[in-house]
Amino acid sequence: MSDTYKDLMDISKRRGFIWPSFEIHGSASGFYDYGPLGKKLLDNIKEKWKNYYIQKEGFEEVKSTTIMSKPVFEASGHLSGFEDALTQCKECNNSFRADHLIEEHIEVEPDSLSNKKIEQKIENHNVRCPECGGTLGEVYSFNLMFKTNIGPGKGRAAYLRPETAQGIFVNFNYLYKYNRKSLPFGVVQTGRAYRNEISPRKGVIRMREFQQMEAEVFVEPNEKNHPNFSKVEKEELRLFPIKNQKEDKGYINISTKKAVEKNIIGSEILAYYLAFSKRILKDIGLNIQKIRFRQHLPEERAHYASDCWDIEGETDRFGWIELAGISDRGDYDLKKHAEKSGESLTAFKEFEEPKKLEKWVIEPNMDVLGPKHKQKADIIAEKLKEQDPQKIKKELENNSFILELDEETVEINSEEVNIQKTTKTIKGENIFPHIIEPSFGIDRILYLLMEHSYKKDKLGEGQRSYFNFKPEISPIDLAVFPLMKEEELKLEAEKIYEELNKEYEVVYDENGSIGKRYRRQDEIGTPYCITIDYETLEDDSVTIRQLTSGKQKRVEYKELKSTINDLFSNKKNFKDLK
RNA sequence: GCGGGUGUGGUCUAGCGGUAGGACCUGAGCCUUCCAAGCUCAUAGCCCGGGUUCGAAUCCCGGCACCCGCACCA
């Protein structure tokens, strides 16, 4: 087994990428802090992602609360969906999902049963431990959401959000109006989410407090195309559809366009975001050879999803891990929030042609009915409206007809009721938009980026390790060194440091041999080091050293900044410098 | 949550009942004109809490964390 994970955790702790949280008081598993370098790396990844979704796709960004009151999660389905009824075997101590154990003995949804009822079922049907046949213990609930209260005393029950998405859904009406009542539109949110996992492991890959970057695209239910699909249609995707997983068939490499045509991916828009996400991950610096798109099996699909593809990345130690999920949530979320809150969360969709609706309506004539029937008039009017207009019209042609009330009958004549034909023009209808959700785990992307970027090689006399981060992703952009610890060189170096530090993330280091200082920067992936040597004092030139090759170029001081700008914006290649 | 393993400076490790030693790293200095050089000095450690013992890093119990397997991962 490779020790990349161990190496990375070592570097992370030593150099300030990732630390266990509140370690001095005894850390808790599933919690990690980011040190200065980790924080910068995180920000750079986020910025890149936002650049795609906000600048390129034109999405809006919002920031909603991390604590939300209980009804939000009753509506979203997380309260029941996240709540597991567990039971432990008294003999072998293994834990099981109690509701799964009694599934075959019941007719109703196990979710709807209380723990006591499940316990009774277990007893009545003599359900034993599937492992050892032992007696099962008490049934208890475990909810993956962190619970809290708003306000003093018992307060209002609330939960820490298990995903950022709900904060967007509950704001649908505001967002819809913000977008001037038109579909489609997209909204993003980045931020923390919380899940009280039973037993998190694997470092930042599975945390109890983690960070997400989510986009929610609100579309018309029947329009799951994307206007820019042609821009990604040739993009090759490495797909792992349900069929291939079940039949153990391996991947399909296929263009986005063909995948839609062959109906492997359910809709153009889903396919668009798969390809779009691939570009982002590639641009962040992940090794695209170690990325695949795996379709969720029906049994693992979330309660809200109708189709879902995970973007997975390959790790040395943990195999394939989920980096992002792109799912078609249908109208599940808006519908549920609307039902629970009683608010309408719909969009108005105009018909292409307004519909003319012709209708016969019964209009009770209260002027006559009122004085004649007094307090019974209302009941009669209600009853009249329920009648078939055509039938009544016919009967009235014979002057009157008999209306049956609950306990009596009344004779109604043509003066007491009007039967009319009305025409109504309907311009459109209220619909629940469907939601396409590309959802990314930042922490996992960060870990995978570190792993994919981690390299070891020989340089000069010794071994070194480095991260070949892209310059714009690397936590530190530049390092500035005086070759020797001499006053004249130091003064020059400090001057250059101050100049560059206005625009870039720069470190200054004069400690140790020059070789050692290069290695220090290599280890954290600083793309370029600038060294001030004795030649600088003579002709105002400095050297730029490239991380990956270890090679150096000499540039004039007055061209340094523009050269650096060009290198960072990819206008120039390092090897093309003189 | 269950079973197994591990826990010594920042990192890697020696010590395995007599009161912690090394290497690397880091810092100060000397030396040094471009890739972890050398020398001197310094900082810094037995995961936490109980127990056994004259004495515990070492043995026992409990907790915590990490690793492996199982379960869980909407």
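Here the structure is a predicted model, which is why all the values come from computation and not from measurement. To find a chain, count down the sequence lines: A is the first, B the second, and so on, and within it residues start at 1.
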With both distances kept under 3.5 Å, what pairs with B/rU40, Watson-Crick or G-U wobble?
B/rA28
Any-strand Watson-Crick or G-U partner of B/rA71, both distances under 3.5 Å
none
For a quick check, tell me whether the side chain of A/R15 and the base of B/rG10 share a donor-acceptor pair closer than 3.5 Å.
no
Under 3.5 Å donor-acceptor pair, A/R208 side-chain atoms to B/rC73 base atoms:
no
Measure the distance from NE2 on A/H25 to P on B/rG49 and round it to the nearest whole Å.
13 Å
Whole-Å P distance, B/rU32 and B/rA37:
16 Å
B/rA56 to B/rC24 separation - P atoms, rounded to the nearest Å:
33 Å
Polar contact flag, side-chain donor to acceptor under 3.5 angstrom, A/Y534-A/E538:
no
Would you say A/N511 reaches B/rA28's phosphate, i.e. side-chain N/O to OP1/OP2 under 4.0 Å?
yes
Identify whether NZ of Lys or CZ of Arg in A/R317 sits under 6.0 Å from the centre of the six-membered ring of A/Y5 and within 45° of that ring's axis.
no
Whole Å only: how far is the NZ atom of A/K6 from the P atom of B/rG5?
18 Å
Under 4.0 Å from OP1 or OP2 of B/rC67: is there any side-chain N or O of A/Y5 that close?
yes
May I ask you to check whether A/H434 and A/K224 show a side-chain donor-acceptor distance below 3.5 Å?
yes
Between CD of A/E197 and P of B/rC70 the distance, given in whole Å, is 17 Å
What nucleotide among B/rC70, B/rA65, B/rU32 has an atom nearest to a side-chain atom of A/M484?
B/rU32
Checking A/R292 against A/W320: charged group under 6.0 Å from the ring centre and within 45 degrees of the axis?
yes
Is A/R317 near enough to B/rC68 that one of its side-chain N or O atoms lies under 4.0 angstrom from OP1 or OP2?
yes
Gap in Å between the two P atoms, one belonging to B/rC68 and one to B/rA36, rounded:
35 Å
I need the CE-P distance between A/M9 and B/rC12, as an integer number of Å.
12 Å
Once you apply a heavy-atom cut-off of 4.0 Å, does A/E535 come out as touching a base, just sugar-phosphate, or nothing?
nothing
Can you find a side chain N or O atom of A/S29 that sits less than 4.0 Å from OP1 or OP2 on B/rC66?
yes
Winner on side-chain proximity to A/R519, out of B/rC34, B/rC70, B/rC35, is B/rC35
Kindly compute the distance separating CD (A/E209) from CG (A/N196), expressed to the nearest 0.5 Å.
11.5 Å
From NZ of A/K516 across to P of B/rG27 the rounded distance in Å is 8 Å
Atom-pair distance (NZ on A/K13; C1' on B/rG9), nearest Å
13 Å
Phosphate oxygens OP1/OP2 of B/rU26: is one of them under 4.0 Å from a side-chain N or O of A/R520?
yes
Between B/rA65 and B/rU19 - C1' atom distance, rounded Å:
27 Å
How far does the C1' atom of B/rG51 sit from the matching atom of B/rA42, given to the nearest Å?
39 Å
Lys NZ or Arg CZ of A/R192 over A/Y194 ring: under 6.0 Å, within 45°:
no
Just checking, is any N or O donor in the side chain of A/N501 or A/Y508 under 3.5 Å from an acceptor N or O on the other one?
no
How far does the C1' atom of B/rG9 sit from the matching atom of B/rA57, given to the nearest Å?
14 Å
Check whether any side-chain N or O of A/Y32 sits under 4.0 Å from OP1 or OP2 of B/rC66, and answer yes or no.
yes
May I ask you to say what A/K458 touches in the nucleic acid, namely base, sugar-phosphate or nothing, with a heavy-atom cut-off under 4.0 Å?
nothing
In Watson-Crick or G-U wobble terms, with both distances under 3.5 Å, the base opposite B/rG21 is B/rU13
Atom-to-atom span, CZ of A/R14 to C1' of B/rA23 - whole angstrom:
14 Å
Taking atom P in both B/rU58 and B/rG18, compute the distance separating them and give it to the nearest angstrom.
11 Å
Any strand counts, and the cut-off is 3.5 Å on both contacts for Watson-Crick or G-U wobble. Which nucleotide pairs with B/rC66?
B/rG5
Cation-pi check for A/Y518 against A/R545: NZ or CZ below 6.0 Å from the six-membered ring centre and within 45 degrees of the axis, yes or no?
yes
Using a cut-off of less than 4.0 Å, is there contact between a side-chain N or O of A/K485 and OP1 or OP2 of B/rG29?
yes
Residue whose closest nucleotide on RNA chain B lies nearer the 5' end, A/E163 versus A/D522
A/D522
Taken to the nearest whole Å, CG/A/D10 to C1'/B/rC25 is 10 Å
Side chain A/R545 and base B/rC35 donor-acceptor under 3.5 Å:
yes
Would you mind classifying the nucleic acid contact of A/F210 as base, sugar-phosphate or nothing, using non-hydrogen atoms under 4.0 angstrom?
nothing
Heavy atoms under 4.0 Å, any strand shown: does A/Q552 hit a base, just sugar-phosphate, or nothing?
base
Using atom C1' of each nucleotide, how far apart are B/rU40 and B/rC35 to the nearest Å?
25 Å
Return no unless some side-chain N or O of A/S513 is found under 4.0 Å from OP1 or OP2 of B/rA37.
yes
Once you apply the 3.5 Å cut-off to both distances, tell me the Watson-Crick or G-U wobble partner of B/rC46, or none.
none
Between A/Q546 and A/D509, just flag the one whose closest nucleotide in RNA chain B comes earlier from the 5' side.
A/D509
